[in-house]
Every structure is written in structure tokens, then in C-alpha cells.
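For reference, the structure discussed in these notes is given below.
On a predicted model such as this, the values are computed, not experimentally measured, just so you know. One-based numbering, in listed order, for ligands and for the atoms of each.
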Amino acid sequence: MRTIVVDHPLVAHKLTVLRDKTTPSPVFRQLTEELVTLLAYEATREVRTQPVTIETPVATTVGTAFTKPTPLVVPILRAGLGMLEGMTKLVPTAEVGFLGMARDEHTLDIITYAERLPEDLTGRQVFVLDPMLATGGTLREAIKFLFRRGADEVTCICLLAAPEGLAKLEEELADAKVTVVLASIDDHLNEKAYIVPGLGDAGDRLYGVAQEIR
Ligand SMILES: O=P(O)(O)OC[C@H]1O[C@H](OP(=O)(O)OP(=O)(O)O)[C@H](O)[C@@H]1O
Ligand SMILES: O=c1cc[nH]c(=O)[nH]1
Ligand SMILES: [Mg+2]
């Protein structure tokens with residue numbers, strides 16, 4: 001497993017506004033979309049391509065096209081849905097599948113409540129979208145699910161990770177073809193398994209649910 005933290009002033013600035021608890025939902029959604037586009041630029045650096053011959057108005061030339069089958073993008077509901085638009089802006093021909101997962105806030109067990117993915121992912125390059133990697137439980141379940149379906153390679157785009165969750169994932173997926181692309185590795189997890197300093201509950205902030213986390 002590889003971890004890439006995107007170090008860029010635009011990412012750092014947008015993330016700072018996102019973290020601010022006074023940032024309202026419409027701005028939070030907009031910034032999430034913009035951040036994903038910036039992270040996706042880095043995350044797609046190794047997207048599979050092949051040479052293609054085209055005619056410009058002036059000459060014949062060899063360009064670059066995505067290899068078929070096209071990449072599969074999988075947002076993890078709910079919060080990952082807020083990242084989908086930012087990703088498909090950059091890769092509009094990608095296929096999109098969905099995984100609905102939630103962690104029980106008390107036991108931290110992961111519940112998979114929805115799945116709409118191609119049955120056979122053999123040989124597919126998959127991009128998973130989820131803003132928060134906290135304990136890492138959700139991402140671990142999602143990645144294992146995709147590999148069981150035959151996925152060849154999984155790239156996760158997240159906004160924030162806690163070092164504890166990232167370390168656990170690295171330990172369990174050391175030899176797997178997994179890349180995690182992030183805007184920041186934060187300081188730690190608190191006793192409720194929230195990322196500190198973090199940005200709060202990403203799903204609630206995206207979809208306008210009032211929250212008070214302490
Ligand atoms: O690393 P973990 O400890 O598993 O936590 C991370 C998960 O928690 C959040 O989702 P949540 O369960 O709150 O669901 P939601 O997106 O519907 O709010 C987040 O979007 C991740 O999916
Ligand atoms: O800090 C956290 C941890 C898990 N899920 C979130 O939305 N935020
Ligand atoms: Mg949530």
C-alpha cells in the first residue's frame with residue numbers, strides 16, 4: 001500500500017475553510033468538490049491508458065486514451081457522494097458504482113446497507129471516494145469487498161486521515177495494490193473515534209445536519 005499526501009497551497013487553503021465550523025453546508029459541498037478535483041489530478045497519475053491514432057485538422061498523430069474497461073469510481077455513501085461530482089468532472093467517462101456503508105457510532109462496527117456495483121470487477125482499476133479515514137474500518141471493508149469481486153487495483157481518495165487508521169490499513173494491506181491519496185494526515189483520533197483537528201462529521205456537514213462533537 002502507498003500513501004500520497006498532496007502538498008499544495010490550494011489544497012491547504014481549501015481544507016482550512018472546510019475545517020472551519022462556521023463554514024455553511026453549501027460552501028462545504030462546493031469546497032469538497034473542488035478539493036476532490038485537485039486530489040484526483042494526483043490520484044489518476046497512473047490511470048491506465050493506451051496509444052490512439054487520431055486526425056487533427058492538420059495531421060495524423062498518436063494521442064492517449066483510457067484503456068477499456070474504463071475506471072470504476074465508487075463513492076461510499078453518504079459522505080463520499082459529496083465527492084462524486086469533483087471526480088467525474090475530471091474523468092467523465094468513468095463508470096460509477098455505489099457502496100452504502102455506515103459505522104455504528106458506539107461499537108464502530110461497519111454496516112454495509114447498499115451495494116450497486118458490477119458483479120465482476122476482474123482486472124478493473126477502481127477509485128474509492130470517502131472523505132474521512134478515521135479508524136480505517138470503513139475503507140478496509142470497502143477495499144476487501146472490491147478485491148473479492150476481482151478488482152485489480154484500488155485507489156482511495158480521502159480528504160483526511162488519522163494516523164491510527166492509516167497505520168492499521170497499512171498493516172493489513174501492506175502487499176495489496178492500494179494507494180491512498182489524501183489532503184492531510186491529522187493529529188489523532190479522539191475517544192469517539194473522530195479525527196482531531198478534523199472537520200467534524202463529514203456526512204452531516206455536507207447534508208446540513210446540525211452537529212456538536214466534543
Ligand atoms: O474510518 P472509520 O472509523 O470507519 O470512519 C470513517 C467513516 O465514517 C464516515 O461515514 P459515516 O459512518 O459517518 O457515514 P455517513 O457518511 O453516512 O455519515 C466517513 O465518511 C467514513 O465512511
Ligand atoms: O472525524 C470523523 C470520523 C469519522 N467520520 C467523520 O465524518 N468524521
Ligand atoms: Mg457520518
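When the heavy-atom distances from atom 7 (O) of ligand 2 to Gly203, Ala202, Ala134, Pro197 are ranked, the shortest goes to Ala202.
Taking backbone and side chain together, Asp201 holds an N, O or S atom under 2.8 Å from the Mg ion (ligand 3).
Residue contacts with ligand 2 include Ala193, since one or more of its heavy atoms lies under 4.0 Å from the ligand. Residue contacts with ligand 2 leave out Arg205, since none of its heavy atoms falls under 4.0 Å from the ligand.
When only non-hydrogen protein atoms are considered, atom 1 (O) of ligand 2 lies nearest to Ile195 N, 2.8 Å. The protein heavy-atom contact nearest to atom 19 (C) of ligand 1 is Asp130 OD1, 3.4 Å.
Residue-environment remark: NE2 (His188) exceeds the threshold of 12 foreign heavy atoms within 6.0 Å.
Look at Glu115 and Arg149 and you find a salt bridge, because one of the NZ, NE, NH1 or NH2 atoms lies within 4.0 Å of a carboxylate O, short of that distance. A salt bridge does not link Glu85 to Arg29: none of the charged side-chain nitrogens sits closer than 4.0 Å to a carboxylate oxygen.
A heavy-atom distance below 4.5 Å is not found between the side chains of Val91 and Val73.
Under the 4.0 Å distance rule, the nearest protein heavy atom to atom 10 (O) of ligand 1 falls outside the cut-off.
The shortest N/O to N/O separation between Tyr113 and ligand 1 does not fall below 3.5 Å.
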